[in-house]
Structure formats: structure tokens, C-alpha cells
Amino acid sequence: MKRTTTAPKLLCAMLFAAFGAAGNANALVLSTSDTSESFSWTFTDAGYTMAGMGTMSIASLTSTTLTLNITLNDYSTFPSGGVPKDIRLTAFGFAIDPNTTGVTFSDDGDGGMIDAALASIPSLKTIEVCAYGGNNCPGGSNGGIWAGDEDTFTLTLTGTWGNSVTIDPIGFKYQTKIGSYEFVTTSGGPPTTGPVPEPGTITLLGLGLLGTLFYRRRTERRA
């Protein structure tokens, strides 16, 4: 008698998609010889397209301090009848190698991103450094970069640095009229996660799939 393992595989795949994934080989490698490196992202769901392009460059680099200049352009679109603030980039972050031990945010107070922390975007646990436009990396308030806007800011990172750093993956958190989205991407790479399900949805999904597995096994034993 052949036993089926479809349900546990499906459960693992869905939980993997829900809680995030690591980036791929298309990392940003920054050095003092670069003018800037660019990256882009696109994710579409229910008529909302979360898209944009960013640039990152090293402004200064010493053995203990790294200063990055970052520009984010939000090219997102929304269904007819909406307004730009209906879709907002509320947090942006990345993992960095070598690791950092501290971050300081600076900007000219023009809105967009307003602060930064050593924190992950909630479901993207590989993110180490997060700049945000709301109350914190998880979100809150009406801040962020609205569709059609851009923001430029500076992050100063402490650590033990060499001649270059590797940025991978890069993560984004969007707030829309239909909910939150968190996903990671790399330079030129596609998003690897999508909508953020509510905790209750994840629990019910898991219980439902486990129930299906239990029913199948009972049926097989009777056969």
C-alpha cells in the first residue's frame, strides 16, 4: 500500500511562503569604487502593484563606520478610484555582510522614511537593518513613501568593515487598502514572499491540512 505525503509537503510549502525566504545569488556588492548600485522590485495582487527602483552607494567607509546613501522610488499603482496613500512603502531593509552592530538614520525631514533600527521586517527574519516610515518596522501610522513619490536618506552603520560589503536580501513592507504585504528580493531578482496572512489564518490553514492528512491515513488503514 502506497502512502501519500501530499498534505505535509503542501503545509510546509505554505508556511515557508508565509514566513519568508532567503535571497539568491543576485546580491548587491558595494565598494568605495562604485558610484551606485541599483535594485528593483515588483509584486502584484488584487489590482495593486507594489513596484519601485532604488539605488545604494557608499558615501564613506572606515574600519569601523560605513555610511550608505539610499534613494527609493515608489512606482506602485492602485485600482481605479484609489489615491496614492492607499499603497505605501512603510519599511525597507536588508541583510549585510559583514554584520553591523548599530545604525544611525539621517534625512532632511521631508517625510518618507523617518528612522531606522537593527530589526527585521516582521515576517522577514533575514533582514538585519530596517528603515521605516511609520511608528516602527512592523508598521503603524500613515507614514511611508506613497505611490509616485521618492525618498533619499542616509544610514550610518557601525561594525568591522573591509573594502566592500554585500547586501542580500533586500526586504519591503507595503501597507494597502486591502492589507499588508512583506517580501524580499535581490538585485534584479523576483520577490520570494508575498501577502502577509493574519495569524489566525495561518493557524486554521495548518489545522485544516493536518486534518486532511489524518483522514487520509485512517482511510488507508481501513483499505
Side-chain angles (χ1 to χ4, degrees), residues 23 27-41 50-76 84-85 87-122 124-175 180 182-187:
L28 290 183
V29 179
L30 303 177
S31 70
T32 52
S33 61
D34 296 324
T35 42
S36 67
E37 293 286 343
S38 62
F39 52 94
S40 60
W41 63 95
M50 290 143 272
M53 179 173 290
T55 60
M56 190 180 302
S57 63
I58 293 178
S60 65
L61 177 62
T62 70
S63 60
T64 58
T65 303
L66 166 66
T67 301
L68 297 174
N69 289 334
I70 300 171
T71 297
L72 302 176
N73 294 274
D74 191 350
Y75 299 146
S76 298
K85 69 178 181 179
I87 180 168
R88 298 174 285 112
L89 176 59
T90 59
F92 158 83
F94 52 86
I96 186 168
D97 183 27
N99 292 329
T100 183
T101 57
V103 60
T104 302
F105 178 93
S106 59
D107 196 359
D108 58 7
D110 57 352
M113 300 303 166
I114 60 173
D115 206 350
L118 295 187
S120 63
I121 295 171
L124 309 178
K125 301 307 180 184
T126 54
I127 299 302
E128 300 175 64
V129 182
C130 175
Y132 53 87
N135 295 331
N136 46 42
C137 286
S141 83
N142 292 317
I145 305 175
W146 294 2
D149 286 349
E150 70 170 41
D151 190 29
T152 297
F153 54 92
T154 300
L155 299 180
T156 300
L157 307 173
T158 55
T160 303
W161 310 111
N163 296 322
S164 65
V165 296
T166 300
I167 306 293
D168 180 55
I170 299 172
F172 308 88
K173 178 180 177 66
Y174 272 86
Q175 185 66 40
S180 297
E182 298 172 2
F183 54 89
V184 294
T185 188
T186 54
S187 177

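Residues: numbered from 1 along the sequence shown.
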Should D115 and Y132 count as side-chain neighbours, where that means a heavy-atom distance under 4.5 Å?
yes

If every non-hydrogen atom of D107 is compared with every non-hydrogen atom of T152, which pair is closest and at what distance?
OD1-O, 2.9 Å

Side chains of residues 88-100: which donor-acceptor pairs under 3.5 Å do they make with residues two or more places apart or in other chains?
residue: R88; atom: NE; partner: K85; partner atom: O; Å: 3.3
residue: R88; atom: NH1; partner: G143; partner atom: O; Å: 2.6
residue: T90; atom: OG1; partner: K173; partner atom: O; Å: 3.2
residue: T100; atom: OG1; partner: G102; partner atom: N; Å: 3.4
residue: T100; atom: OG1; partner: G102; partner atom: O; Å: 3.0
residue: T100; atom: OG1; partner: T158; partner atom: O; Å: 2.7

For S40 against T185, the heavy-atom pair lying closest together:
O-CG2, 3.8 Å

Please list, chain by chain and in numerical order, all residues satisfying side-chain hydrogen bond (donor to acceptor under 3.5 Å, both in side chains) with D74, sequence neighbours excluded.
S76, Y174

d(M56 CE, I170 CD1) to nearest 0.5 Å is 5.0 Å

Work out which heavy atom in M50 is nearest to a heavy atom in W41; give both atom names and the distance.
O-CD1, 3.8 Å

Atom pair CG (L28) and CZ (F39), whose distance is rounded to the nearest 0.5 Å
6.5 Å

Distance-minimising heavy-atom pair for T126 and P169:
OG1-CG, 3.5 Å

Got a second to check how far L30's CG is from S36's OG, nearest 0.5 Å?
9.5 Å

Between the OG atom in S60 and the CG atom in L68, the distance rounded to the nearest 0.5 Å is 9.0 Å

Value for OG (S180) from CD1 (I121), rounded to nearest 0.5 Å, stands at 11.5 Å

With distance as the sole criterion, is a donor-acceptor pair present between the side chains of T104 and T156 under 3.5 Å?
no

At their closest point, which heavy atom of S164 faces which heavy atom of S31, and how far apart are they?
CB-CB, 4.0 Å

Full working for side-chain contact (heavy atoms from CB on, under 4.5 Å) between D149 and D151
CA-CA 7 Å; D149 286 349; D151 190 29; over 6 Å; no

With S106, which residues qualify under side-chain hydrogen bond (donor to acceptor under 3.5 Å, both in side chains), at least two apart?
none

Can you tell me if D108 has over 12 outside heavy atoms packed within less than 6.0 Å of its CG?
yes

Among all residues two or more places apart in sequence or in another chain, which pass the ring-ring contact (aromatic ring centres under 6.0 Å, His included) test with F105?
F153

Once side-chain hydrogen bond (donor to acceptor under 3.5 Å, both in side chains) is applied, do any residues pair with T154, and if so which ones, sequence neighbours excluded?
N69

Can you tell if the side chain of I58 reaches within under 4.5 Å of the side chain of L66, non-hydrogen atoms only?
yes

With sequence neighbours excluded, what pairs up with T32 under the side-chain hydrogen bond (donor to acceptor under 3.5 Å, both in side chains) test?
none

What are the two closest non-hydrogen atoms of D168 and A27, and how far apart are they?
CB-CB, 3.4 Å

